[in-house]
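For reference, the structure discussed in these notes is given below.
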Amino acid sequence: MKILVVGGGGREHAIIKQLKKNSRVSEIYALPGNGGIAADAVCVDIAAMDIEGICDFAVQNGIDYAVVAPDDPLVAGCVDALEEKGIRCFGPKAKAALIEGSKVFAKNLMKKYGIPTAAYETFDDMSKALVYLETAPVPVVVKADGLALGKGVIIAETKEAAKDAVISMMQDKAFGKSGEHIVIEEYLTGPEVSVLSFTDGKTVVPMISSMDHKRIGEQDTGLNTGGMGTVAPNPYYTEDVAKVCMDTIFLPTIRAMNEEGRSFAGCLYFGLMLTKDGPKVIEYNCRFGDPETQVVLPLLESDLLEVMEAVTDGRLAECPVSFSKKHAACVIMASKGYPVSYEKGYEITIPEELADSVYVAGAAQKEGHLVTHGGRVLGVTAIGDSLAETIDAAYAKVEKIHFDNAYYRRDIGARALKAVEK
Ligand code: AMP
Ligand code: GLY
């Protein structure tokens, strides 16, 4: 079976490593992949947003199955285009990917179907948004409607900061068209949990829960990033919480999407906050999270390809999906200066025995060497019996990997550990 994976980050590397375990798989192509993924797949220099190029490649190379991993090609209709060419796919159609592609759509969906989320108003007129902020309590959260590379959410501590955020989105177009519509919402507090799920639009199977670390600095300080590390499971996500989420969030969301004629098949990611009033949705993603995938998939005991095909064929209810009872931790090693500016081109050395633990995100091949090529360079995952020993094992591996100007947080999992020890 010839498989194509669209994307080129650590998440895609984790998906590819998992797919490779299936003996039916003869070849995996990554479009575009990266210098590290090249160890596990044939990387082809076609961008993830070059939907026509992806379709042509799939047809010309007799691809049997495609996994579209990143948000932007999903929202832009990559699955629709591939399916039109007769290629079976894992991932939602554009109509369903809108649940991530438009925050206004997602919020209105939750309101209409009574799914718990932060109270909000939507605006397409800047002056009305500014008037609203005069009396809104702070902190307040300002969100650009569309995709914004994870940067379209601003938590404003003061009225002035909130107004600046609105002006930068709506007038200065900091996120282009994504900021033409905005959501202004209530600031919530509580532990955050990421729950990725498989769904075929009928059945929803949550994967093991996880916890992301989004800020660049230790103790969750500094700028937001694409994610600096993850642990799974998330200790705040108890069985009781899981049950409430299934009844009030997961199933209602699947049903709501069906009602709207936007049936979702693929990986639906629930970004949750466990508030004192119960779990609420912070965001939906129409795809696997990064770097959540780098801790969730290593704990998947079932065969990923079998599960994905069951999703595609609408027979997820008959497909067993099981996760290990162990823990996983992933530490992201980044280039110093990320997420603002950083240098590239430093040689990366990874001991042979760690090849299976490393998911490469931003690296290229240069004269036979792997060199840094992005802000987040790679993720290092360890698996263990307790959270504490798993975190230690991940850092022990990090110590053995080298590139100049490497930066990583030393407190990945520390908050989770506190929750366990409580
Ligand atoms: P997002 O880009 O949608 O993943 O949001 C980035 C982060 O902003 C989330 O992980 C939360 O930590 C935070 N956030 C988003 N919405 C809210 C909210 N209503 N209240 C508090 N924090 C929020
Ligand atoms: N880790 C959060 C995301 O993938 O959006």
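Throughout, numbering of the chain's residues begins at 1 and tracks the sequence.
- Contact between Ile401 and Pro351 at its shortest, heavy atoms only, is CG1-CD, 4.2 Å.
- Looking at Ile412 and Ile391, their side chains never come closer than 4.5 Å, going by heavy atoms from C-beta outward.
- One N or O on the side chain of Ser178 and one on the backbone of Leu147 form a donor-acceptor pair closer than 3.5 Å.
- A salt bridge is defined here as a Lys NZ or Arg NE, NH1 or NH2 lying under 4.0 Å from an Asp or Glu carboxylate O, and Glu83 with Arg88 fails to meet this definition.
- Atom CD of Glu353 sits in a crowded spot, with more than 12 heavy atoms from other residues, nucleotides or ligands closer than 6.0 Å.
- Between atom CZ of residue Arg376 and atom CD1 of residue Ile216 there is a gap of 10.0 Å, rounded to the nearest 0.5 Å.
- The two residues Ile348 and Ala363 come nearest to each other via the heavy atoms CD1-CB, 3.8 Å.
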Steps toward side-chain contact (heavy atoms from CB on, under 4.5 Å) verdict (Val193, Met211): CA-CA 5 Å; Val193 184; Met211 183 191 283; over 6 Å; no
Worked check of ring-ring contact (aromatic ring centres under 6.0 Å, His included) between Phe250 and Phe270: CA-CA 8 Å; Phe250 305 160; Phe270 300 90; 4.4 Å; yes
CA sep, side-chain torsions, deciding dist, call: Asp145, Ser102, side-chain hydrogen bond (donor to acceptor under 3.5 Å, both in side chains): CA-CA 5 Å; Asp145 176 47; Ser102 166; 2.7 Å; yes
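- A salt bridge does not link Glu12 with Lys17: every distance from a Lys NZ or Arg NE/NH1/NH2 to an Asp or Glu carboxylate oxygen is 4.0 Å or more.
- With hydrogens and angles ignored, the 3.5 Å screen pairs no side-chain donor or acceptor of Asn22 with any backbone N or O of Leu305.
- A donor-acceptor contact closer than 3.5 angstrom is absent between the side chains of Ser335 and Lys344.
- A donor atom on one side chain and an acceptor atom on the other are found under 3.5 Å apart for Tyr269 and Glu292.
- With a 4.5 Å cut-off on side-chain heavy atoms, Leu300 and Met207 do not count as touching.
- Classification of Lys95 and Asp80 as a salt-bridged pair fails, no side-chain N sitting under 4.0 Å from a carboxylate O.
- Between the side chain of Glu283 and the backbone N or O of Gly271 there is no donor-acceptor pair closer than 3.5 Å.
- Side chains of Ile3 and Ile16 form no contact here, defined as non-hydrogen atoms less than 4.5 Å apart.
- Between the side chains of Asn258 and Ser263, at least one donor N or O lies within less than 3.5 Å of an accepting N or O.
- More than 12 non-hydrogen atoms from other residues, nucleotides or ligands lie less than 6.0 angstrom from CG of Asp277.
- Taking the side chain as every heavy atom from C-beta outward, Val141 and Glu186 never approach each other to under 4.5 Å.
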Residues Asp303, Lys21; criterion salt bridge (Lys or Arg N to Asp or Glu O under 4.0 Å); working and verdict: CA-CA 8 Å; Asp303 182 279; Lys21 293 183 181 170; over 6 Å; no
Test salt bridge (Lys or Arg N to Asp or Glu O under 4.0 Å) applied to Arg409 and Asp220, step by step: CA-CA 10 Å; Arg409 275 178 62 167; Asp220 301 316; 3.0 Å; yes
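- The line from CG of Leu251 to SG of Cys245 is 11.0 Å long, rounded to the nearest 0.5 Å.
- Using a 4.5 Å heavy-atom cutoff, the side chains of Asp40 and Ile28 are not in contact.
- A donor-acceptor pair under 3.5 Å is formed between the side chain of Asp64 and the backbone N or O of Lys2.
- In this structure, the separation between CD1 on Ile155 and CG on Asn224 is 7.5 Å, given to the nearest 0.5 Å.
- Considering every non-hydrogen atom in both Gly36 and Leu370, the closest pair reads N-CD1, 3.6 Å.
- Between Phe105 and Arg262, the closest side-chain pair of non-hydrogen atoms falls below 4.5 Å.
- Nearest heavy-atom pair across Ile182 and Ala144 is CG2-CA, 4.4 Å.
- Between Phe198 and Phe90, the ring-plane angle classifies as perpendicular under the 30° and 60° cut-offs.
- For the atom pair CD1 of Ile350 and NE2 of His402, the computed distance is 12.0 Å after rounding to the nearest 0.5 Å.
- Under the 3.5 Å distance criterion, the side-chain polar atoms of Asn234 are matched with a main-chain donor or acceptor of Ser210.
- Looking at heavy atoms from C-beta onward, Glu27 lies in side-chain contact with Val42 at the 4.5 angstrom threshold.
- Taken from CD1 in Ile54 to CD1 in Ile63, the straight-line distance is 11.5 Å, to the nearest 0.5 Å.
- Nearest heavy-atom pair, Ala69 versus Ile15, reported as atom, atom and distance to 0.1 Å: CB-CD1, 4.1 Å.
- Side chain of His213 to backbone of Gly413: a donor-acceptor contact under 3.5 angstrom is found.
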From CA spacing to verdict: side-chain hydrogen bond (donor to acceptor under 3.5 Å, both in side chains), Glu260, Tyr113: CA-CA 11 Å; Glu260 296 295 308; Tyr113 292 92; 2.4 Å; yes
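- A salt bridge is defined here as a Lys NZ or Arg NE, NH1 or NH2 lying under 4.0 Å from an Asp or Glu carboxylate O, and Glu318 with Arg315 fails to meet this definition.
- Looking at Thr293, its side chain never comes within 3.5 Å of a backbone N or O of Asp290 through a donor-acceptor pair.
- Closest heavy-atom contact between Pro32 and Gly8: CD-N, 4.3 Å.
- A heavy-atom distance below 4.5 Å is not found between the side chains of Leu268 and Val204.
- You'll find the ring centres of Tyr29 and Phe57 inside the 6.0 Å limit.
- Screening Lys280, Lys103, Lys143 for a salt bridge (Lys or Arg N to Asp or Glu O under 4.0 Å) involving Glu185 leaves a single residue, Lys143.
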Steps toward side-chain contact (heavy atoms from CB on, under 4.5 Å) verdict (Val331, Tyr395): CA-CA 7 Å; Val331 177; Tyr395 280 106; 3.7 Å; yes
Candidate pair Leu19 and Val5, rule side-chain contact (heavy atoms from CB on, under 4.5 Å), full reasoning: CA-CA 10 Å; Leu19 290 172; Val5 174; 4.0 Å; yes
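- The distance from atom CD1 of Ile115 to atom CE of Met110, rounded to the nearest 0.5 Å, is 7.0 Å.
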Test log, rule salt bridge (Lys or Arg N to Asp or Glu O under 4.0 Å), inputs Lys326 and Asp385: CA-CA 5 Å; Lys326 293 190 178 219; Asp385 290 324; 3.4 Å; yes
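- Judged by distance alone, the side chain of Thr225 and the main-chain N or O of Lys214 form a donor-acceptor pair under 3.5 Å.
- His13 and Tyr359 have perpendicular rings, their planes meeting at more than 60° on a 0 to 90° scale where under 30° would count as parallel.
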Worked check of side-chain contact (heavy atoms from CB on, under 4.5 Å) between Lys173 and Glu180: CA-CA 8 Å; Lys173 306 249 183 277; Glu180 282 178 2; 4.3 Å; yes
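- Crowding of Lys336 atom NZ: a count of heavy atoms from other residues, nucleotides or ligands under 6.0 Å not exceeding 12.
- Side chains of Tyr236 and Ser209: a donor-acceptor N/O pair is absent below 3.5 angstrom, by distance only.
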